[in-house]
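Just so it is clear, the structure is predicted and the values come from calculations on it, not from any experiment. Scope of the values below: all heavy atoms of this structure, side chains included, with no hydrogens, waters or symmetry mates.
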Amino acid sequence: MTLPTSGLITVNDRGARAATTFGSVAAAGGNMVFIKKLTASSSSNLTFVNGASSVVLDSTYKEYLFTFKDIHPQNDGRHFRIGFRDGGTDYDATTTTSYFNGYHEEGDGTAALQYEAAIDQAQSTDPVKLNGAVGYDNDECLGGYLRLFNPSSTTFVKHFISEISSTHDAPAANHCFAAGYCNVTAAIDAVQFTMNTGNIDAGDICLYGIL
């Protein structure tokens, strides 16, 4: 390809001549397809059930993405959680998880990067905690995402990873990482988000499918 001889621009600290046309470039990944948005209003839970209320959580997509925006608890110092349903009526699929976080107080008194064994789980049927103790002041909330991989598989365990930024009730910035797997070969056909105590006072959760 012959490049033009004028119009030098800089890309990644390297010189490159300006060009007027390029060939098309295929995206390395696939499309993200919006499926459903749920909005909390003093809600005991926000639940996505495959086949109910236009929710898709099956073999249509190999990956599902949940995004959390301005999730605000009713009570102070609450943990935001997810429960997985594996074909029954309860959200108690067995999970094994890990959890760590970065933490920095507003007053600069305490800062840490730490693994939290009190939050991880080993073959538990309890909901999975996704963040530390989020505050409930009017301006405090959390935001982030959770990725769930191939929930319809009846051969393999179902992996998930989550990353959340929240306002800890200290107050402090709390950057939380949770990951694990549903140790079942039954399909995961529904998920439920809750606080460990009290309602989800406000906030949105959106579900997307990844092609």
Could you walk me through whether D92 and F84 pass the side-chain contact (heavy atoms from CB on, under 4.5 Å) test, one step at a time? CA-CA 6 Å; D92 61 351; F84 299 92; over 6 Å; no

Would the distance check show the side chain of K158 and the main-chain N or O of F156 forming a donor-acceptor pair, the cut-off being under 3.5 Å? yes

In a check of side chain to side chain contact (heavy atoms under 4.5 Å, CB included) between F80 and each of V128, N196, I200, which one passes? I200

Using ring-ring contact (aromatic ring centres under 6.0 Å, His included) as the criterion, point out the one residue from F48, F160, Y208, Y145 that pairs with F66. F48

Can you check whether C176 reaches S166 side chain to side chain, under 4.5 Å on heavy atoms? yes

Are Y181 and H159, when compared by the centres of their aromatic rings, separated by less than 6.0 Å? yes

Assess whether side-chain contact (heavy atoms from CB on, under 4.5 Å) is satisfied between V184 and D86, documenting all intermediate values. CA-CA 8 Å; V184 297; D86 55 353; 3.5 Å; yes

Decide yes or no for Y64 and D58: does some side-chain heavy atom of the first lie under 4.5 Å from some side-chain heavy atom of the second? yes

With distance as the sole criterion, is a donor-acceptor pair present between the side chains of N183 and Q123 under 3.5 Å? yes

I'd like to know whether CG of D70 has more than 12 heavy-atom contacts from other residues, nucleotides or ligands below 6.0 angstrom. no

Min side-chain heavy-atom separation C182-I188 under 4.5 Å: yes

Paired with R78, the side-chain hydrogen bond (donor to acceptor under 3.5 Å, both in side chains) test is passed by just one of N131, T197, D201, N199, namely T197

Heavy-atom side-chain contact between R81 and M195 under 4.5 Å: no

Go through the side-chain N and O atoms of H175 and E163 and say whether any donor and acceptor fall under 3.5 Å apart. yes

Side chain of H168, backbone of E105: donor and acceptor closer than 3.5 Å? no

Treating Ile, Leu, Val, Met, Phe, Trp and Tyr as nodes and any side-chain heavy-atom pair under 4.5 angstrom as an edge, say whether L148 and V33 lie in one connected cluster. yes

Going by distance alone, is a donor N or O of one side chain under 3.5 Å from an acceptor N or O of the other, for T95 and Q121? yes

Please lay out, stage by stage, how Y61 and I35 fare under the test side-chain contact (heavy atoms from CB on, under 4.5 Å). CA-CA 11 Å; Y61 305 99; I35 297 173; 3.9 Å; yes

Quick check against the 3.5 Å criterion: does D76 have a side-chain atom that pairs as donor or acceptor with the backbone of Y136? yes

Could you tell me if N45 and Y91 have a donor-acceptor pair between their side chains, going purely by distance under 3.5 Å? no

Candidate pair E116 and N101, rule side-chain contact (heavy atoms from CB on, under 4.5 Å), full reasoning: CA-CA 8 Å; E116 295 224 33; N101 71 318; 3.2 Å; yes

Going by heavy atoms in the side chains, are D120 and Y115 under 4.5 Å from each other? yes

Do F34 and M32 belong together in a cluster built from hydrophobic side chains that touch within less than 4.5 Å? yes

Report yes if some heavy atom in the side chain of I82 is under 4.5 Å from a heavy atom in the side chain of L146; otherwise report no. yes

Using modelled atom types and a 3.5 Å cut-off, is there a donor and acceptor pairing between side-chain atoms of H72 and backbone atoms of D137? yes

Among L207, L38, D189, the one residue meeting side chain to side chain contact (heavy atoms under 4.5 Å, CB included) with V55: L207

Between K69 and D204, is there a side-chain N and carboxylate O pair less than 4.0 Å apart? no

Report yes if some heavy atom in the side chain of I164 is under 4.5 Å from a heavy atom in the side chain of L130; otherwise report no. yes

Can you confirm whether C206 sits close enough to K36 that some side-chain heavy atom of one is under 4.5 Å from a side-chain heavy atom of the other? no

Does one side chain, of Q192 or T47, offer a donor that lies under 3.5 Å from an acceptor on the other? yes

What residues form a side chain to side chain donor-acceptor pair (under 3.5 Å) with S43, not counting sequence neighbours? none

